[in-house]
2 protein chains.
Amino acid sequence: MRTSDIPEIRSLRLFESMSESAFDSLMQAAYLQTFPAQLELIREGDPADFLYVLTDGCVEMFARTNQRETTMGMVHPVGTFILAAVLKDAVNLMSARTVQKSKLLLIPSANVRAAFERDEAFARAIVEELAGCYRGVVKDQKNLKLRSSVERLANRLLRFHQDQGASGSLDLPYDKRTLASLLGMTPENLSRAFNTLKPYGVEVDGATVHLSDVDSLARLAKPDALIDELAT
Amino acid sequence: MRTSDIPEIRSLRLFESMSESAFDSLMQAAYLQTFPAQLELIREGDPADFLYVLTDGCVEMFARTNQRETTMGMVHPVGTFILAAVLKDAVNLMSARTVQKSKLLLIPSANVRAAFERDEAFARAIVEELAGCYRGVVKDQKNLKLRSSVERLANRLLRFHQDQGASGSLDLPYDKRTLASLLGMTPENLSRAFNTLKPYGVEVDGATVHLSDVDSLARLAKPDALIDELAT
DNA sequence: CGGACTATTGACCGATATCAAATACCGTGG
DNA sequence: CCACGGTATTTGATATCGGTCAATAGTCCG
């Protein structure tokens with residue numbers, strides 16, 4: 001990879017505290033590459049040859065079985081994916097595709113495992129990352145099992161709203177079909193869920209959503225720190 | 001804790017490769033305790049004070065929000081729980097209660113983190129365990145989002161059947177209410193799902209289930225290695 | 001102005017939940 | 001051993017939620 005990209009990578013949480021030499025040998029083996037939108041990067045069932053680090057763009061994690069497909073999660077910069085499969089030297093449980101043109105760092109799995117053995121600070125960062133991923137999926141599962149689809153949408157809107165500065169309106173960061181699948185419903189149902197939320201001050205205009213009564217929406221959504229808060 | 005229990009603990013995958021001294025200091029801080037059935041061991045939202053290792057019995061992981069409750073998973077010997085919260089020094093995302101009288105090892109979180117820093121082999125074992133947990137939840141989520149409740153039941157029965165020796169019949173390891181919640185349905189619906197499976201050779205007699213036509217059940221269930229196989 | 005894609009709407013259906021009641025099961029105390 | 005009370009499970013009736021199919025309406029490009 002180009003040496004000019006190295007400082008950017010080095011500053012990522014995952015790499016910042018590792019030793020110079022371990023970082024160098026990791027980077028020597030890695031590739032930094034830009035991919036076009038809608039490209040399938042990895043496929044579930046394939047061996048995890050690389051650890052992926054997304055530095056720019058957006059990636060959708062999805063899964064298939066019996067010709068059904070669902071979105072498992074969205075990865076935003078800076079995020080990693082298939083870390084667990086890499087560490088276990090196992091096959092991927094999820095597929096991934098770019099949503100937009102995206103810049104990704106690909107680190108060969110064997111090198112990740114070697115660096116993990118060699119560098120204690122990296123091992124700690126890996127565990128931090130992995131534990132965070134784990135807790136993310138647990139929250140997703142609670143969201144799915146404990147809430148109706150309208151509640152899931154309401155909470156997601158509140159989260160987008162927060163993330164984007166709580167200005168009273170928000171932009172949906174991906175298309176509605178993907179959002180629907182992420183929330184565990186069909187596009188048709190998402191459309192109806194938006195209508196259901198109209199009395200709570202939710203006004204949809206294309207990819208923009210205006211929230212004219214956040215309190216009322218929050219009363220419906222009943223956000224829960226142990227599901228909706230990124231930090232915990 | 002009693003020194004007589006130490007060899008048993010030492011042989012667990014999580015501890016077997018760690019150094020003698022790190023293991024000793026971990027054990028000196030730990031408690032091995034037996035709890036009665038239906039005792040709430042941890043509550044979501046509370047700080048993760050201990051890493052729990054189940055050596056005997058059975059523990060249900062569950063979660064609540066807005067007076068709804070769902071079973072997130074079942075822990076069998078030898079299994080750990082709330083590892084991620086311990087490593088991140090965070091609050092628990094799930095609650096846990098014993099299903100039966102259970103024997104558990106409680107290791108103070110701070111000691112786990114210290115041992116992780118100190119002992120490389122333990123760090124590796126921790127990561128292996130954590131990655132396994134992560135992949136478990138991902139599989140659960142695929143199961144939930146990609147299958148109907150009847151399919152989930154069918155696959156679960158096939159798994160129990162395998163685990164118990166594929167003899168043509170199996171015992172449900174916990175009561176039907178819990179099974180229903182684990183599978184993401186109501187008890188009433190579980191009962192109906194069993195009826196739906198009758199034409200596929202599923203015969204229920206209390207907690208015992210006879211499978212008279214495993215092939216037919218498998219054709220309905222369409223098990224998927226990336227969801228149903230423990231190993232991968 | 002097509003053409004392709006995305007989103008919305010309506011009609012309908014099937015899956016799952018809810019509520020109520022009946023029944024089976026189990027442990028306890030007599 | 002049996003009756004009793006409590007709990008778990010099953011069954012039936014009904015409601016709600018969410019999915020499917022089909023048609024329509026936008027929307028974005030070329």
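Keep in mind that the numbers below use all heavy atoms, side chains included, and drop hydrogens, waters and symmetry copies. Reminder, nothing fancy here: chain letters follow the sequence lines and each chain counts from 1.
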Donor-acceptor pairs under 3.5 angstrom involving side-chain atoms of residues 44-59 of chain B: please list them, not counting sequence neighbours.
residue	atom	partner	partner atom	Å
Glu44(B)	OE1	Lys142(A)	NZ	2.9
Glu44(B)	OE2	Arg64(B)	N	2.6
Thr55(B)	OG1	Lys103(B)	O	3.2

Angle class for the His76(A)/Tyr174(A) ring planes (parallel below 30°, perpendicular above 60°, tilted otherwise)?
parallel

For [X], all residues meeting salt bridge (charged side-chain N to carboxylate O under 4.0 Å, His left out), sequence neighbours excluded:
X         : value
Lys88(A)  : Glu128(B)
Arg156(B) : none
Arg177(B) : none
Arg219(A) : none

Just by distance, do the side chain of Ser11(B) and the backbone of Ile9(B) share a donor-acceptor pair under 3.5 Å?
no

So, the side chain of Asp224(A) versus the backbone of Leu226(A): is there a donor-acceptor pair under 3.5 Å, distance only?
yes

Do any of residues 168-180 of chain B sit with a heavy atom less than 4.0 Å from DNA chain D, and if so which?
Asp175(B), Lys176(B), Arg177(B)

Under a 4.0 Å heavy-atom cut-off, which of residues 183-200 of chain A touch DNA chain C?
Glu188(A), Ser191(A), Arg192(A), Asn195(A)

What are the residues of residues 140-161 of chain A, sorted by number, that bring a heavy atom to within less than 4.0 Å of DNA chain C?
none

Where does the chain A footprint on DNA chain D start and end, counting 5' to 3' with a 4.0 Å heavy-atom cut-off?
dG18(D) to dC21(D)

Expected list for residues 204-215 of chain B: side-chain donor-acceptor pairs under 3.5 angstrom, two or more places apart:
residue	atom	partner	partner atom	Å
Thr208(B)	OG1	Asp171(B)	OD1	3.0
Ser212(B)	OG	Gly201(B)	O	3.3
Asp213(B)	OD1	Ser216(B)	N	3.1

Could you tell me whether the side chains of Glu129(A) and Thr80(A) share a donor-acceptor contact shorter than 3.5 Å?
yes

I'd like the 5' and 3' limits of the part of DNA chain C contacted by chain A, with heavy-atom contacts below 4.0 Å.
dT6(C) to dA11(C)

What bend angle does the helix from dC1(C)-dG30(D) to dG30(C)-dC1(D) show across its length, from five-pair end axes and to the nearest 10 degrees?
40°

